[in-house]
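Written below as structure tokens is the structure these notes are about.
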Amino acid sequence: MNYRNFDRILLHWNQTQNNRQMPWKGEKNPYKIWLSEVILQQTRVEQGLRYYHNFIENYPTVTDLANAEEKKVFKLWEGLGYYSRCKNLIQTAKTVSTEFNGKFPDTYEVILKLKGIGPYTAAAIASFAFDLPHAVIDGNVFRVLSRIFGIREPIDTTAGKKLFTALAEKLLDKEQPGLYNQAIMDFGATVCKPSNPLCNKCPFRNKCVAFQKGLIETLPVKSKKIAVRTRYFYYFLPAYRNQLPVRERLGRDIWQHLYEFPIIETDAETDTGKIIKKAVQNGWMDKAATPCISPVFSQKLSHQLIKAVFISYKTKTRDTAFKNYQWVTPAVLQTLPFPKTITQYLNRFLASRE
DNA sequence: AACCCGGGGGA
DNA sequence: TCCCCAGGGTT
């Protein structure tokens with residue numbers, strides 16, 4: 001289609017058909033905009049909503065967040081995934097609080113330098129908070145533009161991103177960039193949806209290349225397929241006077257800064273008898289112990305499939321083999337951030353065995 | 001450029 | 001099951 005009319009059609013749809021409501025819509029406070037945008041990275045609005053409210057309630061200003069205890073912030077983030085976002089959130093809060101005296105930077109280039117803020121989030125903050133002419137390019141925008149303009153270039157290559165970025169910047173209404181950016185994302189989320197888009201309600205229907213050529217289901221194009229690795233986690237829960245050993249996950253792996261129990265990991269499914277034998281060798285278990293073995297908890301991550309088994313038992317001593325762990329009561333356990341798999345196990349089994 | 005990083009919901 | 005979601009960082 002002719003790109004000259006694009007923003008007029010979009011904004012007319014926005015004014016007459018769009019009734020999507022969200023708490024940060026029309027927000028001008030850059031702290032709140034930044035927070036909502038980081039929470040929503042690769043995350044559905046419905047999923048992120050209660051996290052947004054919790055954060056605003058606990059940390060009304062960027063300085064409150066900067067001064068918060070890191071563990072408490074992670075606890076608030078627990079369950080949302082992509083935990084490096086949380087780490088970067090804290091770092092950027094401190095940067096804004098100290099280096100910028102608590103005032104959010106107001107140019108695209110400076111905003112982009114902050115940790116955890118990439119091209120999308122920088123454009124969102126710049127346009128929503130400061131009315132600067134930068135086009136957002138997220139999953140919605142890739143989909144809308146690839147379909148309406150019939151672009152078969154893959155969206156996950158450097159060349160593709162460059163192409164879509166150039167087009168998006170050209171289409172942007174520079175007079176009202178915030179309104180336009182909000183409108184194109186709402187349009188992608190409610191009309192030009194990934195599956196079963198509402199083409200019969202679409203104002204671009206007569207001009208949409210994908211609609212006319214029957215490419216709605218094939219656009220946008222992605223080139224890469226991701227490989228998924230399977231890992232087997234065997235967790236050990238030795239109860240000593242109602243206490244369990246835990247430690248923070250550090251190092252370059254999934255679930256950084258979340259907590260876990262003593263673990264034996266394998267690449268292949270292993271007989272629990274063998275695993276327990278190994279735990280005995282480690283000094284984690286007495287041969288005479290009578291372990292309770294949980295069913296397999298399966299969790300799919302973007303690049304990994306985790307199969308976890310929990311082995312609980314009682315001990316009479318706090319074995320020195322657990323010297324790198326801290327022993328905590330169930331009450332303290334509640335305050336620590338855990339990955340979803342462990343939370344599920346704790347909720348389903350530990351509580352019921354009291 | 002390729003790869004890594006969660007968890008939930010829809011089809 | 002597979003795909004997608006208001007992406008970004010590291011190697």
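Below, chains carry the letters A, B, ... as their sequence lines are ordered, and counting in each starts from 1.
Nucleic acid contact for A:Q182: base, since at least one base atom lies under 4.0 Å from a heavy atom of the residue. Residue-level contact check: A:S36 touches neither bases nor backbone, having no heavy atom under 4.0 Å from any strand. When heavy atoms are screened at a 4.0 angstrom cut-off, A:I39 is found touching no nucleic acid atom at all. A:D156 comes within 4.0 angstrom of no nucleic acid atom, judged by non-hydrogen atoms across all strands. Base engagement by A:W24 is indicated by at least one non-hydrogen atom pair under 4.0 Å involving a base atom. Across all strands, A:G79 comes closer than 4.0 Å only to sugar-phosphate atoms, never to a base (heavy-atom distances). Among the atoms of the strands shown, none is found under 4.0 Å from any heavy atom of A:N181. Note on A:R229: nothing from the nucleic acid sits closer than 4.0 angstrom, heavy atoms only.
At whole-Å resolution of the value, NE2 in A:H303 and P in B:dA2 are 13 Å apart. Look at OH on A:Y82: it is 12 Å from C1' on B:dG8, rounded to the nearest Å. The distance from atom CD1 of A:I155 to atom C1' of C:dC4 is 10 Å, rounded to the nearest whole Å. Rounding to whole angstrom units, CD of residue A:Q42 and P of B:dG8 are separated by 15 Å. For the pair A:L258 CG and B:dC5 P, the computed distance is 13 Å after rounding to whole Å. Note: CD (A:Q41) to P (C:dC4) measures 19 Å, nearest angstrom.
Nearest-nucleotide positions on DNA chain B place A:A159 closer to the 5' end than the other of A:R85 and A:A159. Map A:R252 and A:S195 each onto its nearest nucleotide of DNA chain B; the residue landing nearer the 5' end is A:R252. Where A:L40 and A:L114 meet DNA chain C, the nucleotide closest to each residue was compared, and A:L40 sits on the side nearer the 5' end.
Of the possible polar contacts, one joining the A:K94 side chain to the A:A66 backbone as a donor-acceptor pair under 3.5 Å is found. A donor-acceptor distance shorter than 3.5 angstrom exists from the side chain of A:Q41 to the backbone of A:G116, with no hydrogens or angles considered.
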Study note, to complete from the structure: Given Watson-Crick and G-U pairs under 3.5 Å, DNA chain B in dot-bracket ([ ] crossing, | other strand) is |||||.|||||
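Remark: A:K161 is not in phosphate contact with C:dG8, judged by side-chain N or O atoms under 4.0 Å from OP1 or OP2. Residue A:W77 places none of its side-chain N or O atoms closer than 4.0 Å to OP1 or OP2 of B:dG7.
Taking each heavy atom of A:F128 and A:E37 in turn, the nearest pair found is CE1-OE2, 3.5 Å.
For the C1' atoms, the distance from B:dG6 to C:dC3 is 15 Å, rounded to whole Å. Separation of the P atoms belonging to B:dA11 and C:dA6 is 14 Å when rounded to the nearest angstrom.
With rounding to the nearest 0.5 angstrom, the CD1 atom of A:I137 is 9.0 Å from the CG atom of A:L167.
Under the side chain to side chain contact (heavy atoms under 4.5 Å, CB included) rule, A:M185 has a single partner from A:T190, A:V136, A:V45, which is A:V136.
The nucleotide whose nearest atom lies closest to any side-chain atom of A:K115 is, among C:dT10, C:dC5, B:dG7, C:dT10. Across B:dG6, C:dC4, C:dA6, the shortest atom-to-atom separation from the side chain of A:P194 is found for C:dC4. Comparing atom distances between the A:W255 side chain and each of B:dG9, C:dA6, B:dG7 picks out B:dG7 as nearest. Nearest to the side-chain atoms of A:Y83 among the listed nucleotides B:dC5, C:dC4, B:dG7 stands B:dG7.
Checked against a 6.0 Å centroid threshold, the rings of A:Y83 and A:W255 do not count as neighbours. The aromatic ring centres of A:F204 and A:F6 sit less than 6.0 Å apart.
Under 3.5 Å, the side chain of A:T43 and the base of B:dG6 form at least one donor-acceptor pair of N or O atoms. Interface remark: the A:R20 side chain does form a donor-acceptor pair with the C:dA6 base, using a distance-only criterion of under 3.5 Å.
In this structure, A:Y235 and A:F310 have parallel ring planes: the angle between them is below the 30° cut-off, well short of the 60° mark. The aromatic rings of A:F322 and A:Y325 sit perpendicular, their planes meeting at an angle over 60°, well past the 30° parallel limit.
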